[in-house]
Amino acid sequence: MGGAPGLILRCLGALPTTSEIVRKRPIQKGTIPRVQEGRQMTVMPVAEVALPAEVAALRHLESSTVERLRHEALTVPRDWVTEYGDYQNGGWHTLSLMNDSGDPRDVTIRDCPQPRFTALLERMPAVQELLAGLGVRCMWARLARLDHGAFLWEHRDYGELDEVERHRLHVPVVTNPSAYLVVGGTKVHMSVGRVWRLTPTSPHGVCNRYGPSRIHLIIDCYADAAFHDLNQGDAAAAGDAARLPEPSQSVLDETVTTATGLAELGYDHAAETALLGLFYQYALAEGRAYDLVADMYAGLHRDGDAERWRSKKNVMLGLA
């Protein structure tokens, strides 16, 4: 991507570079300059690859089924719930379809061996038919909406649910090419028209860079014969998976320098987003993005913030 940290920030919808800010006008703390419009953006080279082992493209869905699912997802849900705030920068919203309470706004995932329909699912017959057709034993089912500019930071799931084997299925309903999953240094666009399987115990993150909103039906299910029958991988469509490039040391150094300048000006959120966002552009080692944030604060002698991010890394990646 040329290594320009300003470009990284513009791609993340954050701020211009520190040098651009200084050239234009002095900044008063608490005022955020606007990003210039009409900038050319270099496209980062990526190499198409096979799907990583943590992801599989499973059953094809009929186009008529997809259209019915899309219609229900766009017209029925109301009052989306924002949960798991520590896992995101904002823009991740869910509603439950199956859980143990029947309340669609009850969205905190937990073990649920005998789930029931929520009031929302009662009004979505196409989703009911899809769930019945998959035949798997559901633990939880939900709709998840990821708005434009939203990131779910690198994390592991099921850390507290490791006694029983379970799996996660995704059914994309509405998506766009800038909405993708990153796992093991590979970006995967889960395209519409398939049932996908994700192994969420591996470190992964999700983003929707430019929109429109991405909506997935997400099903957490137990391992049983029906799941193993369904879990027969097939070749993904061309372009669904691409290997991210390795970051050069100069890219990392320049991004840390820019982020440090932002933090010194009081823009902590923008600084953190610039560093955490590298996970979606480059093949980083597990937890490296969190280390960069912690190291930035340590370099600023903000030891409390540095320790907070070290602890957050352990929680997000199940290392605690």
Side-chain angles (χ1 to χ4, degrees), residues 5-16 29-35 73-74 77-96 104-109 120 142-157 168 170 172-183 187-190 198 200 203-218 255 258-259 262-263 265-281 284 287 289-290 292-294 296-297 305 308-309 311-313 315-317:
L7 177 57
I8 295 170
L9 292 175
R10 283 194 291 275
C11 288
L12 294 173
L15 300 173
K29 190 171 180 177
T31 63
I32 300 179
R34 292 185 178 180
V35 180
L74 292 174
R78 295 289 187 274
D79 301 322
W80 293 83
V81 177
T82 302
E83 186 63 276
Y84 299 107
D86 286 343
Y87 285 70
Q88 59 166 305
N89 71 332
W92 167 258
H93 315 282
T94 58
L95 285 168
S96 292
R105 295 178 59 81
D106 176 4
V107 297
T108 302
I109 305 300
L120 177 61
R142 54 188 162 150
L143 283 175
R145 191 186 84 212
L146 189 67
D147 292 336
H148 69 88
F151 294 81
L152 275 175
W153 306 129
E154 180 189 11
H155 65 283
R156 281 188 172 95
D157 291 314
R168 178 164 294 165
H170 280 248
V173 179
V174 180
T175 191
N176 72 82
S178 76
Y180 56 86
L181 164 81
V182 174
V183 58
K187 58 182 287 189
V188 178
H189 172 64
M190 293 182 172
L198 168 66
H204 64 284
V206 186
C207 68
N208 184 358
R209 304 296 294 274
Y210 310 119
S213 294
R214 185 199 85 162
I215 301 177
H216 280 200
L217 167 61
I218 302 178
T255 307
T258 300
L262 293 168
L265 290 170
Y267 304 130
D268 289 0
H269 180 71
E272 293 162 2
T273 298
L275 295 172
L276 295 174
L278 291 172
F279 177 81
Y280 305 89
Q281 301 173 73
L284 296 183
Y290 295 109
L292 291 172
V293 178
M296 175 192 71
Y297 283 127
D305 288 319
R308 175 169 59 87
W309 278 93
S311 297
K312 183 167 184 173
K313 170 188 172 180
V315 171
M316 297 288 282
L317 297 177

Exercise for the section: Assign the ring pair Trp153 / Phe151 to parallel, tilted or perpendicular, where the plane angle (0 to 90°) is split at 30° and 60°. Expected result: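 Parallel.
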
Handout entry: Aromatic ring pairing His216/His170, orientation class (parallel under 30°, perpendicular over 60°, tilted between)
Key = perpendicular

Examine distances only and state if a side-chain atom of [X] and a backbone atom of [Y] form a donor-acceptor pair shorter than 3.5 Å.
X: Thr94; Y: Val107; result: no
X: Glu154; Y: Leu317; result: no
X: Lys312; Y: Asp86; result: yes
X: Asn208; Y: Leu146; result: yes
X: Ser96; Y: Arg142; result: no

Exercise for the section: Begin with the C-alpha distance, continue with both residues' side-chain angles, and end with the deciding distance and a verdict on side-chain contact (heavy atoms from CB on, under 4.5 Å) for His155 and His204. Expected result: CA-CA 6 Å; His155 65 283; His204 64 284; 3.3 Å; yes

Handout entry: Arg168/Asp157 ion pair, N-O < 4.0 Å
Key =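 Yes, Arg168 and Asp157 are salt-bridged.
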
Between atom [atom1] of [X] and atom [atom2] of [Y], what is the distance when rounded to the nearest 0.5 Å?
X: Leu275; Y: Leu292; atom1: CG; atom2: CG; answer: 5.5 Å
X: Leu276; Y: Leu278; atom1: CG; atom2: CG; answer: 8.5 Å
X: Glu83; Y: Leu95; atom1: CD; atom2: CG; answer: 12.0 Å
X: Thr255; Y: Met296; atom1: OG1; atom2: CE; answer: 12.0 Å
X: Thr273; Y: Leu262; atom1: OG1; atom2: CG; answer: 10.0 Å

For [X] and [Y], work out which heavy atoms get closest and say how close.
X: Leu120; Y: Pro104; result: CB-CB, 3.8 Å
X: Tyr210; Y: Ser178; result: N-OG, 3.0 Å
X: Gly90; Y: Ala150; result: O-CB, 3.2 Å
X: Ile215; Y: Leu74; result: CD1-CD2, 3.9 Å
X: Pro212; Y: Asn176; result: O-ND2, 2.8 Å

Side chain proximity check, [X] to [Y], heavy atoms < 4.5 angstrom:
X: Ile218; Y: Leu198; value: no
X: Val206; Y: Tyr280; value: no
X: Leu181; Y: Lys187; value: no
X: Trp92; Y: Tyr87; value: no

Handout entry: Step-by-step side-chain contact (heavy atoms from CB on, under 4.5 Å) determination, His269 to Asn89
Key = CA-CA 9 Å; His269 180 71; Asn89 71 332; 4.2 Å; yes

Exercise for the section: Determine, stepwise, if the pair Tyr180 / Arg209 fulfils side chain to side chain donor-acceptor pair (under 3.5 Å). Expected result: CA-CA 9 Å; Tyr180 56 86; Arg209 304 296 294 274; 3.1 Å; yes

[X]: side chain to side chain contact (heavy atoms under 4.5 Å, CB included) partners, not counting sequence neighbours:
X: Arg308; value: Glu272, Asp305
X: Asp147; value: His93, Arg145, Ser213
X: His148; value: none

